Amino acid sequence: MIGDCSVSYITVWDTDNPSGMFATSTTIEHSDNESQYQSHMSDRYFIAFPRSCTIMAVTGLVGSVVAFVIALLIGGLAIYISARVVSDIDDYSHAVVTAFVGAIAWALTAWIPLIGPVIALIVWIGVINWRYPGGWGKAAIIGLAAWVSALVILFVVNSILGLGIGAFGIPGV
Amino acid sequence: MSFTKLLGVAWTAWKFAAKRLGPIGGLVVAAVAAVGYVYLGPRLAENHPALAKIIR
């Protein structure tokens with residue numbers, strides 16, 4: 001099942017077969033073309049499934065992209081607030097890019113067994129150190145303040161506004 | 001649509017645009033984003049309810 005969209009609807013058929021018999025004997029609940037979406041697979045085979053499945057898949061994809069962008073903006077907001085307070089740097093887009101790069105750096109290192117999270121934390125602070133002036137000490141303070149800021153923002157956003165979103169680029173939240 | 005979300009959209013648009021287009025340009029982009037959010041929301045809800053639910 002894909003949500004309300006049953007995969008039993010999906011059917012592959014052989015266009016070389018003049019009788020129009022399906023190559024796979026799956027259930028077809030809507031045989032008219034209007035209620036089905038046809039997708040070309042090859043010169044010979046076609047796959048068909050209900051239009052509702054396509055709409056759900058597209059909606060799910062757009063929803064994922066929107067959720068990712070909002071989470072990235074919130075992660076960037078947390079870094080922006082901390083950088084503004086600690087280093088007095090007023091640049092939101094710089095903070096959003098920092099959150100994105102930090103998330104990639106975290107993902108690339110956190111999987112290492114045993115020492116992965118420690119290395120990931122050091123690398124994440126290293127990204128902040130690379131993106132903001134002031135050295136490692138200030139970068140660590142910006143990171144800590146960003147983490148606290150993200151916790152506060154997510155508390156407000158999720159508890160008071162009733163949204164269920166996260167902060168991309170801030171570890172542990 | 002809550003005022004807080006509208007404010008968030010306008011502030012985000014302002015912060016991104018003001019850096020590149022200056023304060024006036026940023027203000028224009030923020031206004032366009034806020035107006036677009038308000039007016040396109042109902043149209044999206046009418047034509048694509050599932051997508052509107054995600055955005056709003």
Side-chain angles (χ1 to χ4, degrees), chain A residues 2-5 50-84 89-100 149-150 152-165 167-169, chain B:
Chain A
I2 309 168
D4 294 332
C5 169
R51 192 173 294 277
S52 61
C53 296
T54 312
I55 293 169
M56 285 187 65
V58 171
T59 304
L61 179 67
V62 173
S64 300
V65 171
V66 170
F68 167 75
V69 170
I70 292 173
L72 179 62
L73 290 175
I74 288 179
L77 179 64
I79 293 178
Y80 166 77
I81 291 170
S82 62
R84 181 75 193 270
I89 294 171
D90 183 6
D91 197 335
Y92 184 49
S93 53
H94 191 81
V96 171
V97 174
T98 304
F100 185 75
S149 301
V152 174
I153 292 166
L154 290 181
F155 174 75
V156 172
V157 166
N158 292 332
S159 300
I160 298 173
L161 297 180
L163 303 174
I165 48 179
F168 189 77
Chain B
M1 181 189 312
S2 70
F3 178 72
T4 317
K5 285 182 190 173
L6 187 62
L7 198 67
V9 169
W11 183 85
T12 304
W14 157 261
K15 290 304 288 185
F16 277 116
K19 181 183 174 185
R20 291 156 183 86
L21 304 174
I24 305 294
L27 203 64
V28 171
V29 172
V32 168
V35 170
Y37 189 73
V38 169
Y39 281 98
L40 291 181
R43 185 175 291 185
L44 201 65
E46 193 177 319
N47 297 328
H48 305 284
L51 286 180
K53 199 183 288 180
I54 295 166
I55 303 293
R56 307 178 95 194

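Values below: every heavy atom of this structure, side chains too, minus hydrogens, waters and symmetry copies. In what follows, every chain begins at residue 1, and chains take the letters A, B, ... in the order their sequences are listed. Nothing here was measured: the structure is a model prediction, and the numbers come from that model.
- Every residue meeting the salt bridge (charged side-chain N to carboxylate O under 4.0 Å, His left out) condition with A:Asp91, not counting sequence neighbours, appears here in chain and number order: B:Lys19.
- From B:Lys5, atom NZ reaches atom CD1 of A:Ile70 across 8.5 Å, with rounding to the nearest 0.5 Å.
- Other residues, nucleotides and ligands contribute only 12 or fewer heavy atoms inside 6.0 Å of the CZ atom of A:Phe155.
- Of the atoms belonging to A:Val96, it is side-chain heavy atoms, and not backbone ones, that fall under 4.5 Å from chain B.
- B:Phe16 CZ: more than 12 foreign heavy atoms inside a 6.0 Å radius.
- Within 6.0 Å of CZ in B:Arg20 there are more than 12 heavy atoms belonging to other residues, nucleotides or ligands.
- Side-chain rings of B:Trp14 and A:Tyr92 stay apart, their centers remaining 6.0 Å or farther from each other.
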